[in-house]
Amino acid sequence: MLDIKLIRERADYVKAELSRAGVNGTEIDAIIACDAERRRLQFELDELRARRTRESKELGRLAPEAREVRRAEMRELGERITAGERRMAEIEQRLTDLMLSVRNLPRPYVPTGSSEADNRVVRQEGEPAKLDFQPLPHWELGERLGIIDFERGVKLSGTRFYLLTGMGAQLERALIAFMLDLKTREQSYLEVAPPLMVTTETATSTGHLPKNADTMYHDAEDDFWFIPTAEVPLTSIYRGEILDAERLPIYLTAYTPCFRRERMSAGRDVRGIKRGHQFDKVEMVKLVRPETSDEELQLLVEDACEVCRRLEIPFRVVQLCTGDLSFASAATYDIEMWAPGIGEWLEVSSCSNCTDFQMRRANIRYRPHRGGKTEFVHALNGSGLGLPRTLIAVLENYQQPDGSVVIPKVLRPYMNGAELIRAGARL
RNA sequence: GGAGAGGUGGCCGAGUGGUCGAAGGCACCAGAUUGCUAAUCUGGCGUACUCUUACCGGGUACCGAGGGUUCGAAUCCCUCCCUCUCCGCCA
């Protein structure tokens with residue numbers, strides 16, 4: 001949610017920044033009108049209520065027979081207040097709906113653009129290896145090695161599901177353990193194992209609801225939402241709380257499965273494990289002081305890059321343009337690993353500074369100065385990393401001419417010292 | 001799932017339908033006092049919106065959530081949520 005005061009006082013600026021992200025400002029005009037109406041009514045109601053309180057107290061002191069006369073007019077006053085409150089509730093609902101529908105403003109340094117095509121590669125580390133054989137895509141490697149089973153995944157759950165088995169499942173588990181150890185032991189994140197199903201309120205805090213309801217799985221019976229990313233529960237942990245300034249910055253990490261409809265990408269990436277309805281991810285979330293959030297974003301990107309670096313896989317960092325930013329994000333850097341089998345740079349992480357956008361929805365604040373006013377903190381999130389795609393990159397970069405796959409050195413301690421995956425026991 | 005008890009400020013805890021934003025205590029902050037520590041005394045000590053706005057000050061809302069009764073609700077009624085105890089069931 002944006003700051004209503006900012007919209008009220010600097011509407012032109014807000015509209016200009018929204019238009020950089022490809023959003024027109026009609027909602028802003030509606031918000032301004034609604035807000036003015038709300039304030040007018042609020043003032044009116046406050047006065048009526050003040051009068052009621054005052055006169056009710058007097059009424060209580062009157063002699064019983066004198067009360068009856070006043071009671072009639074007081075009843076009428078009460079009815080006016082009730083009517084005003086009903087109207088107020090409507091207006092507030094309308095205003096809230098409007099406010100929830102407006103995306104975050106991009107940070108000033110984010111390049112203006114309309115689509116993915118305007119994103120900028122800001123740096124690259126490592127060069128794609130020159131192979132003297134034709135690299136296979138991971139789905140072929142996976143099936144030959146007997147570590148990915150697509151057919152049975154479809155049998156069990158339909159399209160976009162698969163099973164990892166044997167060394168494939170172990171490799172993923174090793175990646176998870178390796179990432180979490182790096183996050184918690186070296187990068188000072190606190191590990192959390194959060195709920196995977198959350199309430200409507202929680203999913204609204206992060207901006208996933210109401211706008212992206214159709215991208216999430218929902219249990220109608222009990223009104224649970226299956227998390228599309230651990231960002232949802234992690235960012236909402238402190239909802240409604242005022243944090244001690246000394247506790248900031250807060251760094252959290254979590255390994256969780258994630259669930260996504262992927263209706264928007266129907267037909268895209270249907271082969272392999274790049275885009276499933278369910279996938280595992282290690283996520284990082286930071287809650288920080290506002291003035292540090294841009295710097296914290298750089299550090300967050302660096303924390304994600306370190307995973308790629310230790311896996312010794314070439315990667316690059318891409319700065320998203322305004323038009324490619326997600327709803328809640330004010331600035332985003334994607335990290336892409338090279339995948340020679342499918343011949344593309346694979347998005348394995350997306351690191352965003354969501355500024356105070358989610359914190360205002362979640363009402364998470366801190367007190368910058370002792371005895372001073374509260375302020376919203378800033379929230380950031382980033383993958384560290386998404387597992388299926390990291391798995392793709394490992395399989396495709398470490399494949400050998402004979403179809404076997406060398407296990408990256410950092411993962412070997414997590415796999416009983418094994419160095420190579422070759423065809424073995426299968427389902 | 002059944003039965004019962006309960007949800008009040010950072011915490012504990014009082015609260016006959018009106019003078020309750022809410023006693024009291026703890027914690028915390030400031031000042032006073034005091035060889036140090038501690039103790040004692042005095043004052044302060046929720047959030048948000050709003051009026052005046054430099055300051056002081058004022059108004060309104062919030063006592064789990066939402067409805068209702070009433071001139072007036074933390075207090076009465078209804079629905080829901082949550083916590084605790086007992087029983088049942090279960091990974």
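Side chains included, hydrogens not; waters and symmetry mates left out as well; all remaining heavy atoms used. Chain identifiers are assigned alphabetically (A, B, ...) following the order of the sequence lines, protein sequences preceding nucleic acid strands; residue numbering begins at 1 within each chain.
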Determine the interatomic distance between [atom1] on [N] and the same-named atom on [M]; round to the nearest Å.
N     : M     : atom1 : answer
B:G66 : B:A14 : C1'   : 27 Å
B:G13 : B:C26 : P     : 15 Å
B:C63 : B:U19 : P     : 15 Å
B:A22 : B:C62 : P     : 14 Å
B:A23 : B:C81 : C1'   : 30 Å
B:G44 : B:G24 : P     : 11 Å
B:G25 : B:C45 : P     : 15 Å
B:A5  : B:G58 : C1'   : 43 Å

Could you tell me the Watson-Crick or G-U partner of [N], where both distances fall under 3.5 Å? Say none if there is no partner.
N     : value
B:G72 : none
B:G6  : B:C82
B:G17 : none
B:C55 : none
B:A48 : B:U60
B:G24 : B:C12
B:U33 : none
B:A38 : none

**Message:** Can you see if the side chain of A:Thr53 gets near the phosphate of B:G59 - specifically, an N or O under 4.0 Å from OP1 or OP2?
**Reply:** no
**Message:** Is there a side-chain contact between A:Thr374 and the phosphate of B:U47, meaning an N or O under 4.0 Å from OP1 or OP2?
**Reply:** no
**Message:** Need one value for A:Arg51: base, sugar-phosphate or nothing, where a base atom within 4.0 Å counts as base even if backbone is also close, heavy atoms only.
**Reply:** nothing
**Request:** Look at all strands and tell whether A:Arg367 reaches a base, only sugar-phosphate, or nothing, counting heavy atoms closer than 4.0 Å.
**Result:**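 If one applies the 4.0 Å heavy-atom cut-off, A:Arg367 turns out to touch the sugar-phosphate alone, with no base involved.
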Could you state the atom-to-atom distance from [atom1] of [X] to [atom2] of [N] in whole Å?
X        : N     : atom1 : atom2 : answer
A:Glu85  : B:G66 : CD    : P     : 12 Å
A:Arg361 : B:A48 : CZ    : P     : 20 Å
A:Arg54  : B:G18 : CZ    : C1'   : 16 Å
A:Ile4   : B:U50 : CD1   : P     : 10 Å
A:Arg86  : B:G68 : CZ    : C1'   : 10 Å
A:Asp223 : B:C82 : CG    : P     : 12 Å
A:Glu375 : B:U47 : CD    : C1'   : 16 Å
A:Phe376 : B:U47 : CZ    : C1'   : 11 Å

Tell me which nucleotide among [options] gets nearest to the side chain of [X].
X        : options             : result
A:Lys5   : B:C71, B:C49, B:U60 : B:C49
A:Ile242 : B:U47, B:G59, B:U19 : B:U47
A:Arg39  : B:G18, B:U47, B:C51 : B:C51
A:Arg8   : B:U50, B:C71, B:U60 : B:U50
A:Arg365 : B:C71, B:C51, B:A48 : B:A48

**Message:** Would you say CD of A:Glu201 has more than 12 non-hydrogen atoms from neighbouring residues, nucleotides or ligands within 6.0 angstrom?
**Reply:**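 Check fails, neighbour count at 12 or below.
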**Request:** Give a yes or no on this: more than 12 heavy atoms of other residues, nucleotides or ligands lie within 6.0 Å of atom CZ of A:Arg426.
**Result:**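 Enclosed.
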Atom pair [atom1] ([X]) and [atom2] ([Y]), whose distance is rounded to the nearest 0.5 Å:
X        : Y        : atom1 : atom2 : result
A:Leu196 : A:Phe226 : CG    : CZ    : 9.0 Å
A:Met99  : A:Arg94  : CE    : CZ    : 14.0 Å
A:Arg40  : A:Ile91  : CZ    : CD1   : 7.5 Å

**Asked** Once the angle between the rings of A:Phe161 and A:His277 is folded into 0 to 90°, is it parallel (under 30°), tilted (30 to 60°) or perpendicular (over 60°)?
**Response**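 Geometry flag for A:His277 against A:Phe161: tilted rings.
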**Asked** Angle class for the A:Phe150/A:Tyr162 ring planes (parallel below 30°, perpendicular above 60°, tilted otherwise)?
**Response** tilted
**Prompt:** Quick check: does any side chain N or O of A:Arg103 sit under 3.5 Å from a backbone N or O of A:Ser326, one acting as donor and the other as acceptor?
**Reply:** yes
**Message:** Could you check whether A:Tyr189 and A:Glu283, counting side-chain N and O atoms only, form a donor-acceptor pair closer than 3.5 Å?
**Reply:** no
**Request:** For A:Asn363 and for A:Phe43, locate the closest nucleotide of RNA chain B by heavy-atom distance; then report the residue assigned to the nucleotide nearer the 5' terminus.
**Result:** A:Asn363
Could you run down the sub-3.5 Å N/O contacts of the protein with nucleotides 72-81 of chain B?
from	atom 1	to	atom 2	distance (Å)
B:G72	O4'	A:Ser56	OG	3.2

**Message:** Among A:Arg365, A:Arg360, A:Arg361, exactly one meets side-chain hydrogen bond (donor to acceptor under 3.5 Å, both in side chains) together with A:Asn363. Which residue is that?
**Reply:**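 The passing option is A:Arg365.
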